[in-house]
Amino acid sequence: MLSRVFASPLEEPLFLNIVELSVSHIAPSAPLETLPRPESTSRTESSADVAQTRHDWTLAEIRDIYLAPIPDLIYRAQQVHRAHNDPNEVQMCTLLSIKTGACPEDCAYCPQSARYKTELEVEKLLDTELVLHAARKARDAGSTRFCMGAAWRQVKDNQDFDRVLDMVRGVRELGMEACATLGMVTAEQAERLAEAGLTAYNHNLDTGPEFYGEIITTRTYDDRLQTLQAARKAGITLCSGGIVGMGESVDDRLAMLQVLASMDPHPESVPINALVAVEGTPMEDRPPVEPFTMVRMIATARILMPLSRVRLSAGRTEMSDETQALCFLAGANSIFAGDKLLTTPNPGEDRDRRLLDTLGMRPMAGGPVPAQQGGSSSSCCSGSCGSEAGSSKARSSKVESSTSPVHGG
Ligand code: SAM
Ligand code: DTB
Ligand code: SF4
């Protein structure tokens, strides 16, 4: 990998990670966003008011939340967080790239696109045994969710898909939540994943509808929403979020959160990734994400989606312990564990154990996924049947299929 050239010595990270791919970093010295601040409101609203689950947030309301003074923002996020979640717990998830690289899509951030020259080693679909070995290792190290990622545009009805279904069954047999991110899926494919026991489907919106076309041209925002709808209809919980630091405006970020929060029910998991600027991708020169941008995004996601697991996802390797602690205070309650994300580095077990110990926080125990109730939803039982993804099967869902935010602001 090539080392980066820093504009000033102050931008230089404390430690550069020598890894197989060049990555971005979070520089504490990057300038703060200077946008007009709304009036402080937190002191006048009760916990009950702020902790309500809503699906009709306007962009103006979301902007006021995001731009609030940090003490007000974190206070409000804590009120919401504590009303629904144990603030000292973090869900540990492990990622594995089960099929790497050579993807036909043109996602500008992604080292796995065949269109960009990155130092990535292409790998065909891994053997089921190997995947389940990795899952067992992850479980023994404290992860309760295992997420399998494939660099596919879409799932194809072939033997590879049958093997992924076996992997899902195997992960569930280990007592873990199984998550998959395989690109677009049809309703029938989502049904098959649900039957295999898939807990969650990850499909990110990545950014707001207006900026989306600058990042990806090979599939539309609507395609993404349709995949989410197919997964939801099949009774699979949703994991959907996006990336910060791709050159989007604050409103683009917030429009993405607005679309997510307009879904009824909300996605059960909302990953917030800081761009990992990989050399060879069109995003290689993007400046690092400012730490308080991550804090604001996480706090805003927490406030808009009180029951969801808000996942502090890509970008932690370059974050200080203090920034991560602020993200937890802002309501993040899930992270990816282990020393690798899909293809880029992640802090690793030792550093995370030390961090959680220092903060007096603990990994979340495994157990049923708290599937959220939709507006007109009903579950098969009150949880006594033991079914997790299955229990949401009877729910109707309202994932809007539209390229504009559902509620304007
Ligand atoms: N091919 C599938 C898809 O696009 O849905 C699954 C894999 S894809 C790598 C999963 C998600 O990882 C993307 O939607 C994006 O949000 C995130 N991601 C990929 N590359 C990233 C990067 N360089 N920095 C931050 N997040 C990234
Ligand atoms: C998500 O939102 N982030 C994860 C997971 N979902 C699949 C992926 C991050 C990938 C970062 C770049 C890489 O390692 O290739
Ligand atoms: Fe392919 Fe997914 Fe990467 Fe896009 S994000 S290039 S679809 S692997």
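For ligands, and for the atoms within them, numbers begin at 1 and follow the listed sequence. Please read all numbers here as calculations on a predicted model, not as lab measurements.
- Annotation: atom 20 (N) of ligand 1 to nearest protein heavy atom, Tyr109 CD1, 3.3 Å.
- By the 30° and 60° cut-offs, the orientation of the rings of Tyr221 relative to Tyr212 is perpendicular.
- Under 4.0 Å is where a charged nitrogen must lie from a carboxylate oxygen, and between Asp166 and Arg163 no such pair does.
- Note on ligand 2: Tyr109 sits outside its first shell, no heavy atom being nearer than 4.0 Å.
- Counting only N and O atoms by type, the side chains of Arg139 and Thr94 include no donor and acceptor under 3.5 Å apart.
- Residue Ala274 touches ligand 1 through its backbone alone, judged by heavy-atom distances below 4.0 Å.
- Panel note: side chain Arg153, backbone Leu182; no donor-acceptor pair is recorded below 3.5 Å.
- Heavy atoms of Asn273 found under 4.0 angstrom from ligand 2 belong exclusively to the side chain.
- Interface of Pro271 with ligand 2, defined as ligand atoms under 4.0 Å from a residue heavy atom, comprises 2 (O).
- Side-chain atoms of Asp252 and Thr207 include no donor-acceptor pair closer than 3.5 Å.
- Heavy-atom proximity to Ala151, at under 4.0 Å, picks out these atoms of ligand 3: 8 (S).
- For atom 1 (Fe) of ligand 3, the closest heavy atom belonging to the protein is Cys103 SG, 2.3 Å.
- Counting only distance, with no hydrogens or angles, the side chain of Arg82 and the backbone of Asp86 share no donor-acceptor pair below 3.5 Å.
- The closest protein non-hydrogen atom to atom 11 (C) of ligand 1 is Asn204 ND2, 3.8 Å.
- When non-hydrogen atoms are compared, ligand 2 lies under 4.0 Å from the side chain of Leu95 (C-beta onward) but not from its backbone.
- At the top of the distance list for atom 24 (N) of ligand 1, counting protein heavy atoms only, stands Val276 N, 3.0 Å.
- A salt bridge is absent between Asp140 and Lys137; no separation between the charged side-chain nitrogens and carboxylate oxygens falls under 4.0 Å.
- Short contacts between ligand 3 and Tyr109, defined as distances under 4.0 Å to a heavy atom of the residue, involve ligand atoms 5 (S).
- Of the candidates Thr181, Asn202, Thr100, the one placing a heavy atom closest to atom 6 (N) of ligand 2 is Asn202.
- Look at Cys107 and atom 3 (Fe) of ligand 3: no N/O/S atom of the residue is under 2.8 Å from the metal.
- The pair Asp160-Lys99 fails the salt-bridge criterion, with no side-chain N (NZ, NE, NH1 or NH2) lying under 4.0 Å from an Asp/Glu carboxylate O.
- In terms of polar-atom proximity, defined here as any N/O pair under 3.5 Å, Cys110 makes no such contact with ligand 1.
- Geometrically, ligand 1 and Asn202 share no nitrogen or oxygen pair separated by less than 3.5 Å.
- Across Glu61, Arg253, Arg296, a single residue satisfies side-chain hydrogen bond (donor to acceptor under 3.5 Å, both in side chains) together with Tyr66, and that is Arg253.
- For atom 26 (N) of ligand 1, the nearest protein heavy atom (residue, atom name, distance) is Ile243 CD1, 3.5 Å.
- Between the side chains of Tyr109 and Asp206, at least one donor-acceptor pair of N or O atoms lies under 3.5 Å.
- Counting protein heavy atoms only, atom 3 (C) of ligand 1 is closest to Arg219 NH2, 3.5 Å.
- With no hydrogens or angles considered, no side-chain donor-acceptor pair links Arg302 and Gln78 at under 3.5 Å.
- The closest heavy-atom contact to atom 7 (C) of ligand 1, among the options Val155, Thr181, Thr100, Ile215, comes from Thr181.
- When Thr344, Asn204, Leu120 are ranked by how near their heavy atoms come to atom 13 (C) of ligand 2, first place goes to Thr344.
- In Leu342, the part holding a heavy atom less than 4.0 Å from any atom of ligand 1 is the side chain.
- When only non-hydrogen protein atoms are considered, atom 16 (O) of ligand 1 lies nearest to Asp206 OD1, 2.6 Å.
- At a 4.0 Å heavy-atom cut-off, ligand 1 does not touch Met283 at all.
- Scanning the protein heavy atoms around atom 3 (Fe) of ligand 3, the nearest turns out to be Cys110 SG, 2.3 Å.
- The N/O atoms of Ala150, backbone and side chain alike, include one that comes under 3.5 Å of an N/O atom in ligand 1.
- The residue Val276 has no part lying near ligand 2, judged by heavy-atom distances below 4.0 Å.
- Using a 4.0 Å cut-off between heavy atoms, Lys99 makes no contact with ligand 1 at all.
- Checked for salt-bridge contact, Asp162 and Arg192 meet the test: a charged N lies under 4.0 Å from a carboxylate O.
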Problem set entry | Audit row: Arg354, Asp321, salt bridge (Lys or Arg N to Asp or Glu O under 4.0 Å) steps and yes/no | CA-CA 10 Å; Arg354 268 201 311 275; Asp321 286 357; over 6 Å; no

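- The protein heavy-atom contact nearest to atom 2 (C) of ligand 1 is Gly183 N, 3.6 Å.
- Counting heavy atoms closer than 4.0 Å to ligand 3, residue Arg219 contributes side-chain atoms (C-beta onward) but none from N, CA, C or O.
- A salt bridge is absent between Glu89 and Arg309; no separation between the charged side-chain nitrogens and carboxylate oxygens falls under 4.0 Å.
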